[in-house]
Protein chains: 2
Amino acid sequence: MLTQTITAPAVSPAKVFSAPRTQGVPAVDQFNVIATCAGVIASEFSYRKDEEIYGEGEPSEYVYQVVRGAVRTYKLLTDGRRQIGAFHLPGDVFGLDAGSAHRLTAEAIADTTVRLVKRRSLEAAAGSNVQVAHNLWTMTASDLRHAEDHMLLLGRKTAMEKVATFLLEMDRRLTRAGMMALPMCRRDIGDYLGLTLETVSRALSQLSDQGILAFSSARQIVLRNRQRLADMDA
Amino acid sequence: MLTQTITAPAVSPAKVFSAPRTQGVPAVDQFNVIATCAGVIASEFSYRKDEEIYGEGEPSEYVYQVVRGAVRTYKLLTDGRRQIGAFHLPGDVFGLDAGSAHRLTAEAIADTTVRLVKRRSLEAAAGSNVQVAHNLWTMTASDLRHAEDHMLLLGRKTAMEKVATFLLEMDRRLTRAGMMALPMCRRDIGDYLGLTLETVSRALSQLSDQGILAFSSARQIVLRNRQRLADMDA
DNA sequence: CGTTAATTTGATCGGCGTCAAGATGCGTGG
DNA sequence: CCACGCATCTTGACGCCGATCAAATTAACG
């Protein structure tokens, strides 16, 4: 069901897109490089909380960049067990599959706005523009690096180490003004870390009891001791 | 310790390299495409069992293709816990990192021969040859697809499901004449699946008791019922 | 303010890890 | 060809971490 609203049919080539400021974002936004090439059309779409953006196995027609909100990409087993592969936050690119079909499902975690470009125009641009081809490669390689780190977490870390790693990752990616505002629920965190939501909750409570973090609400967290958190990560 | 033997300093451009026949190998060997470009030098090296080919964090100077033998690539936690990300069998490419450093360690599982090309010459070729640039991207995307599947396994499958998935993967990749000859030990399998070697051994014994597989030796396995094995995979 | 989702916390269970002992296989040297 | 030594693999007993089941509390939202 594609019920999203078109909020902007196209961006003017003259208008420089201002990527949301994120600590982890490269100095030169690779999505800008590929999206501002001649012939590549960028649009904006919005999705409501929990709305599917694309499904696993569907043809990959577009490549996306989060403008506002957050996205989860995941795989399901037949009985409903879910593994979230990544969370995509403002500035992040997702949906870039080299094959013709998406290999994970993407859903909006909260109300979300994305920019998107047609995959076919990207492929075309890559055929004539070496810079675009190089960016496609390094963006996919960046996803691979994250997946490799996450395999180590899923296969070999304890519950507390997983939660510590998660907090440090989110701290790096979305802490603003000393505060981390998590867009995702405990179940999403559990499905990202290979844990149940109860185990995630217990680990966070324990870290709170130890004074390593403080809640202003369940999803608003302040890290009080990053060093001790890093020590808990293996 | 680079104690490997140079068995062939370079291949003649005229000689067509015959890749080992593997069921899963693409019709056109992508390594051949990139390795036979003008200016790209391919050599052969050999490593003894358990010898390190490169270490995590080392500069990535070469890209490799397995000719004979098998390779494991892995990450370690500080206390020695290990997660193997992939096994590389004859025909497989490994060591292709977009960044300047390897993100995993590579070791020979058995006595192994590899072909290799300098990463810098690949990068140079990608700058002028669109086909090479495209192959770099799709090879990295192929690694990413495997990593995504493996995250689902590590985070959400049971021990028996993990072993079933492993057997079906190895069956697809190395069964010859109805028989699967595993190059790796039980510990390697465990570190690949996020299990202990004992749990792997128990799962294999159970499958043998059920008649789903048969051992001719501990590492020589015949699958007797692929359908029942596929049913055990989630 | 009522309704429902999200989160926390407690009690119990079980799958897989840990520890240990034996069995099997294989390479090496006599 | 056989004996020995070592690595690998199997199997058993037991324990623990995280899952499951359940219920209370808090937060979000119309």
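Every chain is numbered from 1 and lettered A, B, ... according to where its sequence line falls, protein lines coming before strand lines. Side chains are part of it too, since the values below use all heavy atoms of this structure and drop only hydrogens, waters and symmetry mates. Given the structure is predicted, the values throughout are model-derived calculations rather than measurements.
Side-chain contact check for Val93(B) versus Gln30(B): every heavy-atom pair is 4.5 Å or farther apart. Put simply, the side chain of Phe94(B) reaches to within 4.5 Å of the side chain of Val114(B), judged on heavy atoms. In this structure, Phe45(A) and Ile53(A) have side chains that are not in contact, with every pair of non-hydrogen atoms separated by 4.5 Å or more. Residues Tyr47(B) and Val71(B) fail the side-chain proximity criterion, which asks for heavy atoms closer than 4.5 Å. A 4.5 Å side-chain heavy-atom check between Leu213(A) and Met180(A) finds every atom pair outside the cut-off. Looking only at side-chain heavy atoms (C-beta outward), Glu161(A) and Leu153(A) stay at 4.5 Å or farther from each other. With a 4.5 Å cut-off on side-chain heavy atoms, Arg82(A) and Ile84(A) count as touching.
Separating the CG atom in Leu195(A) from the CD1 atom in Ile189(A) is a distance of 10.5 Å, to the nearest 0.5 Å. Separating the CG atom in Leu154(A) from the CE atom in Met151(B) is a distance of 7.5 Å, to the nearest 0.5 Å.
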Going by atom type alone, with no hydrogens or angles, which donor-acceptor pairs under 3.5 Å involve a side-chain atom of residues 214-224 of chain B and a protein atom two or more places apart or on another chain?
from      : atom 1 : to        : atom 2 : distance (Å)
Ser216(B) : OG     : Gln220(B) : O      : 3.4
Ser217(B) : OG     : Gln220(B) : N      : 3.4
Arg219(B) : NH1    : Pro183(B) : O      : 3.2

Side-chain donor-acceptor contacts of residues 197-211 of chain B below 3.5 Å, not counting sequence neighbours, with atom names and distances?
from      : atom 1 : to        : atom 2 : distance (Å)
Thr199(B) : OG1    : Thr196(B) : OG1    : 3.1
Ser205(B) : OG     : Ser201(B) : O      : 3.0

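Scanning both residues, Tyr74(B) and Leu76(B), for their nearest heavy atoms gives CE1-CG, 3.7 Å. Across all non-hydrogen atoms, the minimal contact from Glu56(A) to Thr105(A) is N-OG1, 3.0 Å.
Arg219(A) contributes no side-chain N or O that forms a donor-acceptor pair with the base of dT8(C) under 3.5 Å. Contact of Arg202(B) with dG15(C) (side chain to base): no donor-acceptor pair of N or O atoms is detected under 3.5 Å.
Of the charged side-chain nitrogens involved, at least one lies within less than 4.0 Å of a carboxylate oxygen, so that Asp233(B) and Lys157(B) count as a salt-bridged pair.
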Can you pull every protein N or O that's under 3.5 Å from an N or O on nucleotides 12-14 of chain C?
none

Which protein N or O atoms sit under 3.5 Å from an N or O of nucleotides 27-30 of chain D?
none

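Rounded to whole Å, atom C1' of dT8(D) lies 15 Å from atom CD1 of Ile109(B). Nucleotide dT10(D) holds its C1' atom 14 Å from the CD1 atom of Ile221(B), rounded to whole Å. In this entry the distance linking CG of Asp79(A) with C1' of dA19(D) reads 14 Å, nearest Å.
Residues satisfying the ring-ring contact (aromatic ring centres under 6.0 Å, His included) criterion with Tyr54(A), sequence neighbours excluded, are Tyr64(A), His102(A). The side chain to side chain contact (heavy atoms under 4.5 Å, CB included) search around Asp50(B) returns Arg72(B), not counting sequence neighbours. With sequence neighbours excluded, no residue forms a side chain to side chain contact (heavy atoms under 4.5 Å, CB included) with Ala110(A).
Within a heavy-atom distance below 4.0 Å of DNA chain C, the residues of residues 184-199 of chain B found are Gly194(B), Leu195(B), Thr196(B), Glu198(B), Thr199(B). Near DNA chain D, defined here as any heavy-atom distance below 4.0 Å, there are no residues from residues 204-215 of chain A. Using a 4.0 Å cut-off on heavy atoms, none of the residues of residues 150-164 of chain B approach DNA chain D.
End-to-end axis angle of the helix from dC1(C)-dG30(D) to dG30(C)-dC1(D), from C1' rotation axes over five pairs per end: 50° (rounded to 10 degrees).
Sorted by first then second residue, the side-chain hydrogen bond (donor to acceptor under 3.5 Å, both in side chains) pairs that include residues 144-156 of chain B, not counting sequence neighbours, are Lys75(A)-Asp149(B), Arg103(A)-Glu148(B), Asp191(A)-Arg156(B), His146(B)-Glu169(B), His146(B)-Tyr192(B).
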